[in-house]
Number of protein chains: 2
Amino acid sequence: MSLQIRFSLNEGLFLKDPQDSKLGKNIIQHSILLIDEYGFESFTFKKLAEKIGSTEASIYRYFENKHLLLIFLVNWYWEWVSYLIKVNTTNVIDPKMKLKIIIHSFVFAPKDNPGVEYVNESKLHNIVISEGVKAYHTKDVDKDNSKGFFKSYKSLANEVSNVISEINPQFKYPYALATNLFEMSNNHIYFAKHLPRLTDISVNGNNVNEVETMLNYFADKLLS
Amino acid sequence: MSLQIRFSLNEGLFLKDPQDSKLGKNIIQHSILLIDEYGFESFTFKKLAEKIGSTEASIYRYFENKHLLLIFLVNWYWEWVSYLIKVNTTNVIDPKMKLKIIIHSFVFAPKDNPGVEYVNESKLHNIVISEGVKAYHTKDVDKDNSKGFFKSYKSLANEVSNVISEINPQFKYPYALATNLFEMSNNHIYFAKHLPRLTDISVNGNNVNEVETMLNYFADKLLS
DNA sequence: TTATAATGATAGTAATACTATCATAAAAAA
DNA sequence: TTTTTTATGATAGTATTACTATCATTATAA
């Protein structure tokens, strides 16, 4: 019954592809649960090993360190969003409609078809919202970037910027708008939950309708 | 000759106000230099102690941990920006002009009058850009927020949102636009330097003119 | 059935993030 | 000035983290 999705993520991110083995899938599954529960700083390979009844040494055979694991998860998420967008926009020609669907796809990503048994997309989305920026806010960012660790995000931004340029070829900032839509989405969901005075929208439970409305408003207005 | 600016920061951020003593000022001064140099993760109180010829124990008498020190620095930065905005917008009545000056103030904050001898505003700005998000992306965010640790940022966002509402009282997202201008500024300076495919602008040296132009364009368009 | 690869078990190390205690120096009060 | 208080320095110690190394065992594939 379940989709057998398997993303080709940058091979530098892992020592051994975790998508290929039971233990690897376990690492992915429970690292998502634990990072969501403890936060990235308090998450350790030791806790993870205990949780899955394995050992630190075994986990280190898959990931060099927890930072690369985080980048892996974030990439997985963006690949998943790209996949959703691709599926939802096939046969859509109107670029305005496309952008609407794109926005819907990533704001509601975790609600749409949970596709892989060992990935809790909703919690992964929470991780991207709460910890995602830490993937590229490090002193290693240039080194990591040169290894292609952010390719998933960059190619997604590229696709969205193309749609933006289709809507309005004169618009000067298609990349900035594309990334800003993603960043705003994550930021304002986070603000609504934790720092509500920094936003106008509210998120009740996991109802992110207001975020979608806001992003559509911003996009429409900027591209008009 | 130098301005004797002294910001009243939330007292929960420190055990002893570092602005009150030679050692305290040394801690601030060199923590900025070291965080800028090593990044927040690799920055330790031990390294800082060595650098200023003091001891870990002494630094712990000022700050409970490096995370609170980071929040302190970020707050200091936002107080500094608030101060600049206040100075630059006195006697300006036109809200559109006000917003232009606000944008200019925070994009060029480090270039305008370095005001405090022991704070390198330019490097502090770099820290806010590279590490600032980590101040509130933690599992303690709600606890920290309830202690008022993010008040400086929230009150700045509030002031800017008031100007936005003056320009266009019908605009539905004054807070979101205000915070987005700040976040975009930091993000896209960072992108331009490290992940250029995620933005349209470029930053040559420390020339952030294109960022200012972009933010003005976004603000104008959204509020028209 | 034997080789090969994957995992587990255990141990060990350097660094981090602290806490505690006591001595000394500097500043303020008497 | 002398005393008291406060700030800082020096040193030591602990639990945890982020690994690395080695060897044994169990699956899997040849």
Side-chain angles (χ1 to χ4, degrees), chain A residues 6 11-31 34-35 37-73 118 131 134-135 138-140 143-144, chain B residues 6 11-31 34-35 37-73 118 131 134-135 138-140 143-144:
Chain A
R6 201 185 169 290
E11 301 207 342
L13 291 172
F14 45 77
L15 299 167
K16 188 188 301 191
D17 195 328
Q19 296 174 106
D20 284 343
S21 70
K22 188 84 191 55
L23 177 59
K25 290 175 184 176
N26 250 295
I27 290 172
I28 295 179
Q29 177 173 9
H30 289 93
S31 65
L34 284 182
I35 294 173
E37 184 181 348
Y38 291 112
F40 184 65
E41 278 73 30
S42 300
F43 164 80
T44 67
F45 279 2
K46 201 181 176 193
K47 284 175 188 160
L48 176 56
E50 275 160 26
K51 182 96 168 194
I52 63 182
S54 180
T55 62
E56 272 186 280
S58 296
I59 294 168
Y60 276 106
R61 287 181 184 117
Y62 285 86
F63 292 101
E64 273 179 68
N65 54 57
K66 69 173 179 175
H67 183 244
L68 289 177
L69 170 55
L70 177 65
I71 300 182
F72 179 92
L73 293 176
Y118 56 93
E131 318 287 354
K134 294 170 191 170
T138 72
K139 272 286 160 184
D140 290 328
K143 214 187 302 169
D144 289 352
Chain B
R6 201 185 169 290
E11 301 207 343
L13 291 172
F14 46 76
L15 300 166
K16 188 189 301 191
D17 195 328
Q19 296 173 107
D20 283 344
S21 70
K22 189 83 191 56
L23 177 60
K25 290 174 184 175
N26 251 295
I27 290 172
I28 295 178
Q29 177 174 9
H30 289 93
S31 65
L34 283 182
I35 293 173
E37 184 181 348
Y38 290 112
F40 184 64
E41 279 72 30
S42 301
F43 164 79
T44 67
F45 279 3
K46 201 181 175 194
K47 283 175 190 161
L48 176 56
E50 273 161 27
K51 181 95 166 192
I52 63 181
S54 180
T55 63
E56 272 186 279
S58 295
I59 295 169
Y60 276 106
R61 288 179 184 119
Y62 284 86
F63 292 99
E64 273 178 69
N65 53 58
K66 71 174 179 176
H67 184 244
L68 288 177
L69 170 55
L70 178 65
I71 300 182
F72 179 93
L73 293 176
Y118 56 94
E131 317 287 353
K134 295 171 191 169
T138 73
K139 274 285 161 185
D140 289 330
K143 213 188 300 168
D144 289 352

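As a basis for the values below, the full set of heavy atoms in this structure was taken, side chains included, without hydrogen atoms, waters or symmetry mates. Proteins come first, then strands; the chains are lettered A, B, ... in the order of their sequence lines, and each starts at number 1. What you see is a predicted model; the values in this text were computed from it and never measured.
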- prompt: Has Y62(A) got a side-chain N or O lying under 4.0 Å from the OP1 or OP2 atom of dT7(C)?
  reply: yes
message: Side chain of E56(A) only, heavy atoms from C-beta on: which candidate in dG8(C), dT17(D), dC19(D) is closest?
response: dC19(D)
message: So if I take every side-chain heavy atom of R61(B) and compare against dA17(C), dA7(D), dT21(C), which nucleotide ends up nearest?
response: dT21(C)
field: Nucleotide dT17(D), atom P - distance to CZ of F40(A) in whole Å
entry: 13 Å
message: In terms of relative ring orientation, are F40(B) and F43(B) parallel, tilted or perpendicular, with 30° and 60° separating the classes?
response: parallel
task: Decide, yes or no, whether a salt bridge links E41(B) with K134(B) under the criterion of side-chain N to carboxylate O below 4.0 Å.
output: yes
Distance, rounded to the nearest Å, where F43(A) contributes CZ and dT17(D) contributes P: 12 Å
- request: Using the six-membered ring of Y38(B), assess whether NZ or CZ of K47(B) lies under 6.0 Å from its centre and within 45 degrees of the ring axis.
  value: yes
query: Taking the side chain from N26(B) and the backbone from Q29(B), do they hold a donor-acceptor pair closer than 3.5 Å?
result: no
task: Take atom NZ of K25(A) and atom C1' of dA6(C), then tell me their distance rounded to the nearest Å.
output: 15 Å
task: Mind calculating the distance between OH (Y60(A)) and P (dT22(D)) to the nearest angstrom?
output: 17 Å
message: Take a 6.0 Å sphere around CD of E37(B) and say whether it holds more than 12 heavy atoms from other residues, nucleotides or ligands.
response: yes
Gap between atoms CD and C1', on E41(B) and dT16(C) respectively (whole Å): 13 Å
query: Picking from dA18(D), dT8(D), dA9(C), which would you name as closest to the side chain of L23(B)?
result: dT8(D)
- prompt: Touch check for G53(B), heavy atoms < 4.0 angstrom, all strands: base, sugar-phosphate only, or nothing?
  reply: sugar-phosphate
- request: Check whether any side-chain N or O of T55(B) sits under 4.0 Å from OP1 or OP2 of dA10(D), and answer yes or no.
  value: no
message: Please confirm whether the shortest side-chain N or O distance from S21(A) to OP1 or OP2 of dT7(C) is below 4.0 Å.
response: yes
message: Quick check for you: among dT11(D), dT7(C), dC18(C), whose closest atom lies nearest to any side-chain atom of N65(B)?
response: dC18(C)
query: Given dT17(D), dA7(D), dA21(D), which nucleotide is nearest the side-chain atoms of A57(A)?
result: dA21(D)
task: Report the distance from atom CZ of F14(A) to atom P of dA6(C), rounded to the nearest whole Å.
output: 13 Å
message: What is the separation between atom CD1 on I52(B) and atom P on dA10(D), rounded to the nearest whole Å?
response: 12 Å
- prompt: So, is S58(B) close to the dG9(D) phosphate, meaning a side-chain N or O under 4.0 Å from OP1 or OP2?
  reply: yes
Residue-phosphate contact under 4.0 Å: K66(A) side-chain N/O, dA18(D) OP1/OP2: yes
message: Can you measure K16(A) atom NZ to dA27(D) atom C1' for me and round it to whole angstrom units?
response: 12 Å
